[in-house]
Novice: 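Below: one structure in structure tokens.
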Amino acid sequence: MASGTGSDTPASGEQTFGSGDKTFYVTTPIYYVNDAPHIGHAYTTTAGDVLSRWHRQRGESVWFLTGTDEHGQKVMRSAEANGTTPQEWTDRLVESAWKPALITIDAANDDFIRTTEKRHTERVQEFWQRLHDAGEVYKGSYEGPYCVGCEEFKLPGDLVDGTGEYEGQQVCSIHGRPVEYIAEENYFFRMSKYAERLLEHYEAHPEFVQPATARNEVVSFVRQGLVDLSISRSSFDWGIPIPWDSKHVLYVWIDALLNYATAVGLDSPSAQDKEKFGRIWPADVHLVGKDILRFHAVIWPAMLMAAGLPLPKTVFGHGWLLVSGEKMSKSRLTGIAPHQITDHFGSDAFRYYFLRAIPFGQDGSFSWEDMAARYTSELANDYGNLASRVAAMVGRYFGGVLPEAAEQGPAEQAIVDALAATVAGADEKMCALDFQGGIAAIFDFIKLVNGYLTEQEPWKVAKSQDEASQARLATILYTAAESLRAVAVLLNPVMPKSSAALWESLGAEAALGALAGQRVQDAGRWGLLPAGSTVTKGAVLFPRLEEPAAA
RNA sequence: GGGGCGGUAGCUCAGCCGGUUAGAGCAGAGGACUCAUAAUCCUUGGGUCGUGGGUUCGAGUCCCACCCGCCCUACCA
């Protein structure tokens with residue numbers, strides 16, 4: 001977790017790829033505590049975790065933030081329904097559900113922010129006070145249909161005719177529940193005046209909103225013009241009070257978005273926080289589900305522009321997980337809890353599957369059967385088995401001591417070359433958030449090594465005791481083991497547990513040090529794993545799983 | 001209502017600006033091998049390319065209409 005303070009650089013020194021002192025900053029959305037964590041949330045967090053681990057593996061300074069969004073009417077009401085206070089309610093949910101979900105998927109976040117924390121609420125108040133003082137906020141009133149589920153006022157077009165028990169009423173098209181008519185005084189943020197600047201920004205920075213399809217939607221939305229944004233509510237009090245008018249609380253989104261800045265020290269008086277903010281801000285990547293893309297690609301940058309703060313580099317809207325063709329829904333109880341999957345497949349497989357099987361940015365269908373098939377074919381058969389057969393042969397033929405390679409032939413050179421290409425390709429793709437492509441590149445290499453072994457038939461070579469054969473055998477097994485050394489490094493960000501097991505199995509730490517200290521940039525350098533390393537055949541990396549548990 | 005995306009082998013999907021026998025992975029079938037997690041490697045794909053028209057010497061690949069699913073956006077007060 002939080003590595004604390006100061007400008008901590010990686011222990012192994014050598015700061016690479018000089019993007020100055022800027023820390024690579026990745027965020028997930030802060031999740032609304034009222035929902036139960038499901039694999040859709042875990043998907044975003046996994047992506048953020050893999051991305052941040054990848055950059056750490058590159059030797060960069062990285063900050064990975066996640067957290068919870070805890071204000072708003074929906075939370076307040078469910079707290080009431082559960083006979084408790086909102087604060088107690090959120091405390092309970094955060095501790096019992098949200099933080100454990102991070103452990104479930106083996107996420108290594110640097111910080112976890114809750115919007116009920118003082119470091120957030122105080123800074124949010126200051127932020128809006130400043131915008132208010134600067135004339136960016138004015139008082140107005142608003143009247144209209146309000147959906148408690150969405151926490152927002154709806155336009156007539158957002159409503160549909162109700163069915164069933166709500167027959168004859170107008171209901172929210174998203175939640176299918178009746179809206180309430182609310183009239184209240186509100187404060188408004190002059191967002192409309194930023195439309196032009198936003199469009200200029202989209203134009204000048206095409207990478208700001210990704211993928212391109214999402215960007216196009218955002219651009220066409222803003223082109224139609226923006227209206228000023230209501231930023232307060234006065235009909236309930238579970239929120240951050242507006243400092244100049246405590247009858248109002250800030251609209252939950254307006255409060256929540258600021259977490260990305262408050263968590264890294266925005267406006268904090270402490271010198272330490274100032275330094276931290278200067279080093280980390282702005283975010284390099286905000287990962288969001290495409291449903292909340294607009295908040296992040298329109299409202300959020302407009303807020304930052306108003307405050308004169310630098311904008312994040314990229315907001316990436318990823319796709320939905322579809323379960324039997326339908327979007328997994330928070331409000332329709334089709335959500336699958338992450339532990340239902342990790343209990344059976346483990347966290348490594350969870351992380352692997354969702355990033356490997358689904359192009360990030362597109363919707364992807366999830367099914368237990370597909371996951372089981374990929375687990376067996378790709379993780380157990382291709383990858384795990386390769387590690388097993390190599391370790392077994394080094395054990396059987398060389399007593400577990402990695403032999404020195406003799407002369408390399410064309411077959412070995414092909415592996416060496418392929419590895420270099422794999423590292424370069426995977427690095428490029430992972431940095432571009434093409435997790436599917438990056439992981440596929442690594443696994444193509446694994447398949448190649450399997451093929452290499454089958455062709456070289458070391459078990460046959462081993463039958464001859466003459467020196468040439470033994471040298472040849474040594475070369476083959478060294479080549480395979482050294483390939484696995486690189487694979488362990490490349491897969492460490494994706495599957496930390498099995499990668500650690502492989503590192504251990506290869507006896508790599510003795511000579512090379514901790515796995516976390518290996519650089520992606522060096523992973524393709526041949527011959528790093530020294531002869532003499534102690535190779536042991538540990539537990540299999542991905543045991544075959546028998547009964548697919550009931551989905 | 002506009003706009004966009006998708007509908008291709010059992011499954012998940014590739015197929016760029018139209019051109020010889022429509023591809024990959026997985027599953028299935030056959031073979032090789034035995035170091036390994038009954039794993040690996042090789043070989044193997046007779047699919048109305050949603051439907052109906054059209055353009056063209058030639059169309060999943062362009063045009064029109066329609067059907068299905070999804071997304072964005074808007075209005076008939």
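The shown structure was predicted, so the numbers you read here are calculated from the model rather than taken from an experiment. Reminder, nothing fancy here: chain letters follow the sequence lines and each chain counts from 1. Basis for what follows: all heavy atoms, side chains included, without hydrogens, waters or symmetry-related copies.
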Novice: How long is the line joining NZ of A:K290 and C1' of B:C71, in whole Å?
Specialist: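 So the NZ-C1' distance, A:K290 to B:C71, works out to 6 Å.
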Novice: CD of A:E369 versus P of B:G25: gap in Å, rounded?
Specialist: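 It works out to 22 Å between those atoms.
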Novice: Provide the distance between the two C1' atoms, one in B:U48 and one in B:C41, to the nearest whole Å.
Specialist: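 That atom pair is separated by 36 Å.
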Novice: Are A:K193 and A:D228 close enough for a salt bridge, meaning some N to O gap below 4.0 Å?
Specialist: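 No.
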Novice: Take atom CD1 of A:I446 and atom P of B:C41, then tell me their distance rounded to the nearest Å.
Specialist: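 It works out to 12 Å between those atoms.
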Novice: Return the nucleotide paired to B:A36: Watson-Crick means purine N1 to pyrimidine N3 with N6-O4 or O6-N4, wobble means G-U with N1-O2 and O6-N3, both under 3.5 Å.
Specialist: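 The answer is none; no pair meets the criterion.
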Novice: Can you list the steps and then say if A:E200 with A:R197 is a salt bridge (charged side-chain N to carboxylate O under 4.0 Å, His left out)?
Specialist: CA-CA 5 Å; A:E200 285 165 16; A:R197 280 182 62 188; 6.0 Å; no
Novice: Would you check if there is a donor-acceptor pair between the side chains of A:N186 and A:Y251 at a distance under 3.5 Å?
Specialist: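 Their side chains do not contain a donor-acceptor pair, so the 3.5 Å distance test is not met.
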Novice: Surrounding CD of A:Q413 (heavy atoms of other residues, nucleotides or ligands, distance under 6.0 Å), is the total greater than 12?
Specialist: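 Result for CD/A:Q413: enclosed.
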Novice: Classify the nucleic acid contact of A:N216 as base, sugar-phosphate or nothing, counting any heavy atom under 4.0 Å across all strands shown.
Specialist: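 A:N216: no heavy atom of the nucleic acid under 4.0 Å.
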Novice: Between A:D382 and A:R356, who's closer to the 5' end of RNA chain B by nearest nucleotide?
Specialist: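 Nearest-nucleotide comparison on RNA chain B picks A:R356.
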Novice: I'd like to know if A:K497 and A:D348 make a salt bridge, using a cut-off of under 4.0 Å between side-chain N and carboxylate O.
Specialist: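 No salt bridge links A:K497 with A:D348.
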Novice: So, is A:K447 close to the B:A39 phosphate, meaning a side-chain N or O under 4.0 Å from OP1 or OP2?
Specialist: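 It does not, given that no N or O in the side chain of A:K447 lies less than 4.0 Å from OP1 or OP2 of B:A39.
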Novice: Considering every strand shown, what is the Watson-Crick or G-U wobble mate of B:C49 when both distances are under 3.5 Å?
Specialist: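 Base-paired to nothing in any strand shown.
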Novice: Quick one: label A:Q224 by what it contacts on the DNA or RNA (base, sugar-phosphate, nothing), any heavy atom closer than 4.0 Å.
Specialist: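 If one applies the 4.0 Å heavy-atom cut-off, A:Q224 turns out to touch the sugar-phosphate alone, with no base involved.
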Novice: Under a 3.5 Å cut-off for both distances, is B:A29 Watson-Crick or wobble paired, and to whom?
Specialist: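 Paired with B:U43.
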Novice: Return the pairing partner of B:C70 with a 3.5 Å limit on both distances, Watson-Crick or G-U wobble; otherwise return none.
Specialist: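 For B:C70, the partner nucleotide comes out as B:G4, under the 3.5 Å rule.
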Novice: Could you state the atom-to-atom distance from CZ of A:R223 to C1' of B:A74 in whole Å?
Specialist: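 Result: 17 Å.
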Novice: Polar pairs (N or O, both sides) under 3.5 Å between protein and nucleotides 34-37 of chain B?
Specialist:
unit_1, atom_1, unit_2, atom_2, d
B:C35, O3', A:R396, NH2, 3.4
B:C35, O2, A:R389, NE, 3.1
B:C35, N3, A:R389, NE, 3.4
B:C35, N3, A:R389, NH2, 2.6
B:C35, N4, A:R389, NH2, 3.2
B:A36, OP1, A:R396, NH2, 3.2
B:A36, O2', A:N385, OD1, 2.5
B:A36, N3, A:N385, ND2, 3.2
B:A36, N3, A:R389, NE, 3.2
B:U37, OP1, A:K537, NZ, 3.2
B:U37, O2, A:F542, O, 3.3
B:U37, O2, A:R544, N, 3.3
B:U37, N3, A:F542, O, 2.7
B:U37, O4, A:G384, O, 3.2
B:U37, O4, A:N385, N, 3.4
B:U37, O4, A:F542, N, 3.2

Novice: Say you pick atom P in B:G23 and the same atom in B:C16; how far apart are they, in whole Å?
Specialist: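 These two P atoms come out 14 Å apart once rounded.
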Novice: Can you tell me how far P of B:U40 sits from CD of A:E378, to the nearest Å?
Specialist: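 Taking atom P of B:U40 as the reference, CD of A:E378 is at 11 Å.
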Novice: Does a donor on one side chain and an acceptor on the other come within less than 3.5 Å for A:E412 and A:Y478?
Specialist: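 Looking only at side-chain atoms, A:Y478 and A:E412 do not form any donor-acceptor pair under 3.5 Å.
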Novice: Using atom P in both nucleotides, what's the gap between B:A9 and B:A65 to the nearest angstrom?
Specialist: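 Result for the P pair: 26 Å, nearest Å.
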Novice: Whole-Å distance between B:C71 P and A:Q362 CD?
Specialist: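 It is 16 Å, rounded to the nearest whole Å.
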Novice: To the nearest Å, how far apart are A:Y375 OH and B:U12 C1'?
Specialist: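 Atom OH in A:Y375 sits about 21 Å away from atom C1' in B:U12.
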Novice: Using the C1' atom as the reference point in each nucleotide, state the distance between B:A39 and B:A22 in Å, no decimals.
Specialist: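 Result for the C1' pair: 33 Å, nearest Å.
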Novice: Considering every strand shown, what is the Watson-Crick or G-U wobble mate of B:G58 when both distances are under 3.5 Å?
Specialist: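 Across any shown strand, B:G58 pairs with none.
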Novice: Rounded to whole Å, please give me the gap between CD in A:E457 and P in B:A39.
Specialist: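 The distance from CD of A:E457 to P of B:A39 comes to 20 Å, rounded to the nearest Å.
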Novice: side-chain contact (heavy atoms from CB on, under 4.5 Å) with A:F208: which of A:L198, A:T314, A:V315?
Specialist: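 In the set A:L198, A:T314, A:V315, the residue that makes a side-chain contact (heavy atoms from CB on, under 4.5 Å) with A:F208 is A:V315.
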Novice: In whole angstrom, give me the gap between the P atoms of B:G52 and B:G60.
Specialist: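 Here B:G52 and B:G60 have their P atoms 13 Å from each other.
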Novice: Distance check, P atoms only: B:C49 and B:G2, in whole angstrom units.
Specialist: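 29 Å, rounded to whole Å.
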Novice: Can you check the distance between B:A32 and B:A38, where both ends of the measurement are the C1' atom (answer in whole Å)?
Specialist: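 Between the two C1' atoms, the distance is 16 Å.
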Novice: Parallel under 30°, tilted from 30 to 60°, perpendicular over 60°: which one fits the rings of A:H296 and A:Y260?
Specialist: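 Tilted: the ring planes of A:H296 and A:Y260 meet at 30° to 60°.
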Novice: For nucleotides B:U21 and B:G25, find the distance between their P atoms and express it as a whole number of Å.
Specialist: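 These two P atoms come out 22 Å apart once rounded.
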Novice: Does B:A22 have a Watson-Crick or wobble partner in any strand here, with both distances under 3.5 angstrom, and which is it?
Specialist: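 The base-pairing partner of B:A22, which may sit in any strand shown, does not exist here.
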Novice: Check the chi torsion on B:G60 and let me know: syn if it falls within 90° of 0, anti if not.
Specialist: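 What B:G60 shows is a syn base, its glycosidic angle lying within 90° of 0.
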Novice: Walk me through whether A:W368 and A:F345 qualify under ring pair (Phe, Tyr, Trp, His ring centres under 6.0 Å).
Specialist: CA-CA 10 Å; A:W368 190 275; A:F345 293 101; 5.1 Å; yes
